[in-house]
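Working notes, beginning with the structure itself.
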Amino acid sequence: MNKLYLEIALPVPLRRTFDYLTNFQGDPNGLIGCRVQAPFGNQTLIGIIIGVKAQSETPADKMKDIHTIIDDTPLISHLDLQLFSWAANYYHHSLGEVLHASIPQKLRQGERQEHEQLISAWKHTPEGMGLPETALNRSKKQQEIHRYLLQNTQFTRSTAQRLGFSTSAIKALKDKNLIEEILVKDSIEQVQTNNSLLNNTPLTLNQEQTAAQESVIFHRFGAYLLDGVTGSGKTEVYLQLVARALQAGTQALVLIPEIGLSPQTVGRFKDRFSVEIAELHSSINEAKRAEHWQAAKSGRAKIVIGTRLAALAALNKPGIIIVDEEHDLSYKQHDGFRYSARDICVYRAKQHNIPVVLGSATPSLETLNNAITGRYQHLKLTQRASTATPPHIESIDIRNQQLTAGLCESAIEEIRHTLQRQQQALVFLNRRGFAPSLFCHHCGWQAKCTGCELPMTFHSHPRHLHCHRCDRQNGVPRACPSCKNQAFSHRGSGTEQIELFLAKQFPNTPVIRIDRDTTSSKKAMQKLLEPAYAGTPCILVGTQMLAKGHHIPGINLAVIADADQGLMSADYRGVEQVGQLVTQVAGRAGRASSTGKVLIQTHQPDHPLMRVLIAEGYNSFAVQLLAERKHSGLPPYGYSALIRSESKRPENALAILQLIHGAIKNTGNKHTITTIGPMAAPIEKIGNRFRFQYQLFCNSRKELHATLKAVLSEVEVKAEARRTRWSVDIDPVTSA
DNA sequence: AGCACGCCGACT
DNA sequence: GTCGGCGTGCTC
Ligand SMILES: [Zn+2]
Ligand SMILES: [Zn+2]
């Protein structure tokens, strides 16, 4: 008899697989995609069978036998295995870890698939089987069960419940040794399929929406950019596209950003459709997540909706993929397997030969470029449904201006006017706390985090110092540690300071602060925003989370307190992100009755790109930014990779990057790959760990990847690779 | 990554 | 004496 070898991908950070022996008898092709339990070193791991073969390169003395094959039917389909192999290769990450990331925790830990789960059931003993139908007529209930078993051989607890078999009757039969308990596979009871897919009637689309909706062709690959301003009705287009997928008997996968509008968006899908919807995101508990994942895999769930992790979910028969707010940074995973959920979706659409729709009011430059070059079809929605006119955007030169709590006099005046008109104002600042630095008024000593060597943020309520990089928290010293003086002073401003200042300035108006410190729970945010939704005059102060989602109709003024953070950022994507932010915030300002206003406080009122943004809008801004990127060979005109390294000892963090740098310079590709570094990371030290980075750019994606692959496999076996925590980030979205 | 093994300093 | 720090090697 020939031996059978299994190639297994294990959840270890090694960019390779391992071969095992098995005594499995049967069709070996049915094994691919099944989980196994395997000995590894002196631990036992759960891995996925990715190949079956008759021989192995592995020497016999190292070869081990698999412990068990967990699945009877594959957990991962052939097509998904192909997807994840591509992704592991593209992101230069361990296939085992990629597969691990794609399945819910319960299944990672070896729990059986729901359709293979063993549940208890009752069947006749030989004695019971021999009993005539007419027996047991002293107990109607027992006779009923007996007759049922003569017809159906067995029943499960849920069947018993449905048919009204009481536990006492069952126990009586068991005591008479007429029936016995056995374990059987749980055949999921088919949920009766509702013949209507919709709960409520679709809204009527306007001409643009109709044109966009009809442009999407099903049963064929195509990527579409649905480019629509806030309030132009993208969601209704999504809903009707999903309806078309369902009518065709296929599933729809819908991705939404991590924060903000998620509950609202999910709600709209639930309201519209009567089919089973599988939600996959971080606030779903593990048990539910496993259940929903399997509902998506089996096809029981017709709509799968979730954050980036949903992009990896198994699907039975997808018919369309929708990525809402496709520019959102939360689609990129920031540790471990650093995938872009949006890019994964495009790949999957290609695999399944189906459309993928990327929606945004502020498309990422990559997507916009794909639309301009014709790789993606550009669908535009330009009409705002309710608001008559787009808001008026203005930048305020704050050079040489006196700022109070980070706001200049004219911004404060505008807020005052807005409130006088019984309208609402929003102040956006991407900085929590009271002030980003605290120092001694006497000698200049500054409160710094000992782990990061950077100023700690001063919070006034509760009063403490907080390092936003490593999360260290300290009390505020009573006296200066350096000169013992007790007078402290602060520099810069955060949301807390703006809130307190505005509350003092406008004592009769509620000031609502929305940031991580005030919205520990989702409900807290909803509660805080209640008066805002009610429409009473108020001021909202907040960070990121306020800019995303949450359309509050009464807001008529939006102040962006500090646009310079992004404009002056060392990262070339800073400007792009400011443009997206301004446009998003602008989308929040203005309502049907009066034109809204957006004020941008900046030290660079003449920034040419910002002028374009203000005068001509996001699209012109983005097109011009694209021209700049093209000129300097930056993404999306070139491809980039970022290798990060951090260690308690700076020389160890640096060593691996220098090794990689040397290896790159030694390859023949050195003239087409340009590099920056190795150099200190933008934040040089976090929590006592020194951080370095090395950036690679190349105008050929293929060449970049081939070089990286060769260099990584050369370098990862060296001792230097073990003395630091390092990672490869493909298509990074930030260099921080 | 996780785990064992081995070698050196500093403790009851 | 041995407890435990981490540098190194290995995982089919
Ligand atoms: Zn001092
Ligand atoms: Zn810190």
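As the structure is a prediction and not an experimental result, all values here were calculated from the model.
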Distance, rounded to the nearest Å, where [X] contributes [atom1] and [N] contributes [atom2]:
{"X": "F40(A)", "N": "dA4(B)", "atom1": "CZ", "atom2": "C1'", "value": "14 Å"}
{"X": "R15(A)", "N": "dA1(B)", "atom1": "CZ", "atom2": "C1'", "value": "13 Å"}
{"X": "E97(A)", "N": "dA1(B)", "atom1": "CD", "atom2": "C1'", "value": "7 Å"}
{"X": "N42(A)", "N": "dC3(B)", "atom1": "CG", "atom2": "P", "value": "8 Å"}
{"X": "Q43(A)", "N": "dA1(B)", "atom1": "CD", "atom2": "P", "value": "13 Å"}

Looking at every strand, decide which applies to [X] at a 4.0 Å heavy-atom threshold: base, sugar-phosphate, or nothing.
{"X": "D19(A)", "answer": "base"}
{"X": "P39(A)", "answer": "sugar-phosphate"}
{"X": "Y20(A)", "answer": "sugar-phosphate"}
{"X": "R16(A)", "answer": "base"}
{"X": "L21(A)", "answer": "nothing"}

Query raised in the report: Along DNA chain C, 5' to 3', what are the outermost nucleotides having an atom less than 4.0 Å from a heavy atom of chain A?
Result: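 Listed 5' to 3', the contact boundaries are dT8(C) to dC12(C).
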What heavy-atom pair brings [X] and [Y] nearest, and what distance separates the two atoms?
{"X": "Y694(A)", "Y": "P678(A)", "value": "CD1-N, 3.4 Å"}
{"X": "P74(A)", "Y": "K297(A)", "value": "O-NZ, 3.1 Å"}
{"X": "L79(A)", "Y": "Q351(A)", "value": "O-NE2, 2.8 Å"}

Any Lys/Arg nitrogen of [X] or [Y] sitting under 4.0 Å from an Asp/Glu carboxylate oxygen of the other?
{"X": "K718(A)", "Y": "E720(A)", "value": "no"}
{"X": "D731(A)", "Y": "K332(A)", "value": "no"}
{"X": "D72(A)", "Y": "R112(A)", "value": "yes"}

Requested in this report: Identify the residue among E326(A), E325(A), R573(A), H327(A) that makes a side chain to side chain donor-acceptor pair (under 3.5 Å) with S364(A).
Outcome: E326(A)
Query raised in the report: Hey, which of K709(A), E716(A), R15(A), H705(A) is the one that makes side chain to side chain donor-acceptor pair (under 3.5 Å) with H92(A)?
Result: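 Only one option passes, and that is H705(A).
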Can I get a per-line list of side-chain donor-acceptor pairs under 3.5 Å for residues 449-459 of chain A, giving both atom names and the distance, sequence neighbours left out?
residue, atom, partner, partner atom, Å
T450(A), OG1, R472(A), NH2, 3.2
E453(A), OE2, K685(A), NZ, 2.6

Query raised in the report: Looking at DNA chain C, which of residues 54-62 of chain A put a heavy atom within less than 4.0 Å of it?
Result: T58(A), K62(A)
